[in-house]
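Okay, so here's the structure we're looking at.
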Amino acid sequence: MIKSRMLLGGALLAAVGAANAGISVTPTIVSDYDFRGFTQTAKDPAFQLGVNYAHDSGFYAFAWGSNLDNDSYPDADLELDLGLGFAGGDAADSFGYDVGVAFYTYPGNSDFNYTEVYAGLSRGYFSGKLWYSPEFAGVPGDTSAFYVEGNGTFPLPQDFAFVTHLGYSFGDYWDGFEYIDWSAGFTKTWNNFSFALKYIDGSDYDDTPGTKVFDTQGKAWASISTTLPWAME
């Protein structure tokens with residue numbers, strides 16, 4: 001795990017040095033790496049780094065990494081995701097849209113690498129997105145999976161916002177054990193930093209009837225992040 005943080009820290013320094021118009025770098029510290037209601041770091045903190053490129057046409061590309069501590073991914077203590085997409089429209093006046101593909105990779109054990117495609121719509125305070133993977137979590141065979149999510153962001157005074165999320169995982173991979181995850185909380189922007197405090201929960205997931213394999217109990221979750229380069233006043 002320490003090695004993972006060193007790798008991500010080195011990537012941050014390199015990315016900041018190369019930053020220019022259209023490229024941004026976002027380091028984040030979270031109390032837990034939560035993925036759709038499942039902890040990926042045994043409810044321990046994680047350091048995460050995103051590097052994004054956005055073109056005026058709407059095309060974008062990204063790379064994102066996080067340390068891991070998850071028995072479901074043996075020999076992998078680092079996740080590195082890559083993606084391409086296209087976003088357009090105007091969520092304020094009509095609808096915004098976002099389509100793309102994400103590649104999830106685990107350098108310590110490539111057997112778990114997999115791909116998802118996604119399509120989303122947004123309008124006003126609300127957004128929704130559908131994700132699809134033909135072989136979720138790198139499991140071969142008839143293991144396709146879907147994830148549909150809805151999100152709300154409601155501005156409050158003093159640069160606060162109330163945020164909500166509801167997600168549903170289903171498909172052949174889950175084999176009858178579909179589940180729901182949800183969260184609600186607040187975000188705050190201050191100068192060049194963003195803070196979040198949420199409560200995350202969901203339906204209990206049983207891989208084998210009578211046995212709780214994954215920890216999906218409710219938890220408080222917090223994060224702090226900033227995006228570089230900082231805007232000049």
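All heavy atoms count here, side chains included; hydrogens, waters and symmetry mates do not. When a residue number appears, it is its place in the shown sequence, counting from 1.
Between the side chains of D32 and T41, at least one donor N or O sits under 3.5 Å from an acceptor N or O. Checked by atom type, the side-chain pair Y147/D181 shows a donor-acceptor distance below 3.5 Å. Checking Y97 against D90 by side-chain atom types alone, no donor-acceptor pair falls below 3.5 Å. With 3.5 Å as the limit, one finds a donor-acceptor pair spanning the side chains of D172 and S144. Counting only N and O atoms by type, the side chains of T227 and T26 include a donor and acceptor under 3.5 Å apart.
Here D98 contributes atom CG and Y118 contributes atom OH; the two are 5.0 Å apart, rounded to the nearest 0.5 Å. A distance of 12.5 Å separates CD1 in I23 from CG in L228, rounded to the nearest 0.5 Å. Atom OG1 of residue T105 and atom CG of residue D81 lie 6.5 Å apart, to the nearest 0.5 angstrom.
The heavy-atom pair separating P229 from S24 by the smallest distance is CD-CA, 4.5 Å. Heavy atoms only, all atoms of each residue included: I200 and G37 are closest at CG2-CA, 4.5 Å. Between D201 and G218, the shortest heavy-atom distance links the atoms OD1-N, 3.4 Å. When all heavy atoms are compared, the tightest approach of A63 to L82 is CB-CD2, 3.6 Å. Annotation for K198 and S183: closest pair CD-OG, 4.3 Å, computed over non-hydrogen atoms. Shortest non-hydrogen contact noted between G185 and F162 is O-CD1, 3.2 Å.
Here the side chain of R123 pairs no donor or acceptor atom with the backbone of A92 at under 3.5 angstrom. One N or O on the side chain of T226 and one on the backbone of N192 form a donor-acceptor pair closer than 3.5 Å. In this structure a side-chain-to-backbone donor-acceptor pair under 3.5 Å is present from K188 to Q158. Here the side chain of N109 pairs a donor or acceptor atom with the backbone of D111 at under 3.5 angstrom. Judged by distance alone, with hydrogens and angles left aside, the side-chain atoms of S31 form a donor-acceptor pair with the main-chain N or O of A222 at under 3.5 Å.
In this structure, R36 pairs ionically with E116, as a charged nitrogen and a carboxylate oxygen lie closer than 4.0 Å.
Aromatic ring orientation, F146 versus F170: parallel (interplanar angle below 30°, classes split at 30° and 60°).
At a threshold of 4.5 Å between non-hydrogen side-chain atoms, the residues Y179 and Y168 do not count as touching. In this structure, the side chains of F160 and F154 stay at 4.5 Å or more apart for every pair of heavy atoms. Within the 4.5 Å cutoff, side-chain heavy atoms of V101 are placed close to those of T115. Residues D34 and K43 have side chains not in contact (no heavy-atom distance under 4.5 Å, counting atoms from C-beta outward). W174 places a side-chain heavy atom less than 4.5 Å from the side chain of S169. For the pair V139/Y173, a side-chain contact is recorded, criterion being any heavy-atom separation below 4.5 Å from C-beta on. Side-chain contact between L84 and F59 is present, with at least one heavy-atom pair separated by less than 4.5 Å. At a threshold of 4.5 Å between non-hydrogen side-chain atoms, the residues Y106 and L68 count as touching.
With ring centers used as reference points, Y114 lies under 6.0 Å from F136.
By the criterion of side-chain heavy atoms lying less than 4.5 angstrom apart, applied directly or through intervening Ile, Leu, Val, Met, Phe, Trp or Tyr residues, L197 is not grouped with W190; the two fall into different hydrophobic clusters.
No more than 12 heavy-atom neighbours from other residues, nucleotides or ligands sit within 6.0 angstrom of OH on Y125.
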TODO: Start with the C-alpha gap between T39 and K219, add the side-chain angles, then the distance that decides, and say whether side-chain contact (heavy atoms from CB on, under 4.5 Å) holds.
DONE: CA-CA 10 Å; T39 178; K219 59 191 172 186; 3.8 Å; yes
- [ ] Begin with the C-alpha distance, continue with both residues' side-chain angles, and end with the deciding distance and a verdict on side-chain contact (heavy atoms from CB on, under 4.5 Å) for K129 and V148.
- [x] CA-CA 6 Å; K129 188 171 288 186; V148 59; over 6 Å; no
- [ ] Run the numbers on L166 and I180 for side-chain contact (heavy atoms from CB on, under 4.5 Å), then give the verdict.
- [x] CA-CA 7 Å; L166 179 64; I180 293 172; 3.5 Å; yes
- [ ] Run the numbers on L156 and F186 for side-chain contact (heavy atoms from CB on, under 4.5 Å), then give the verdict.
- [x] CA-CA 9 Å; L156 298 172; F186 295 92; 3.8 Å; yes
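Of the candidates F38, W64, W221, F47, W64 is the only one forming a ring pair (Phe, Tyr, Trp, His ring centres under 6.0 Å) with Y33.
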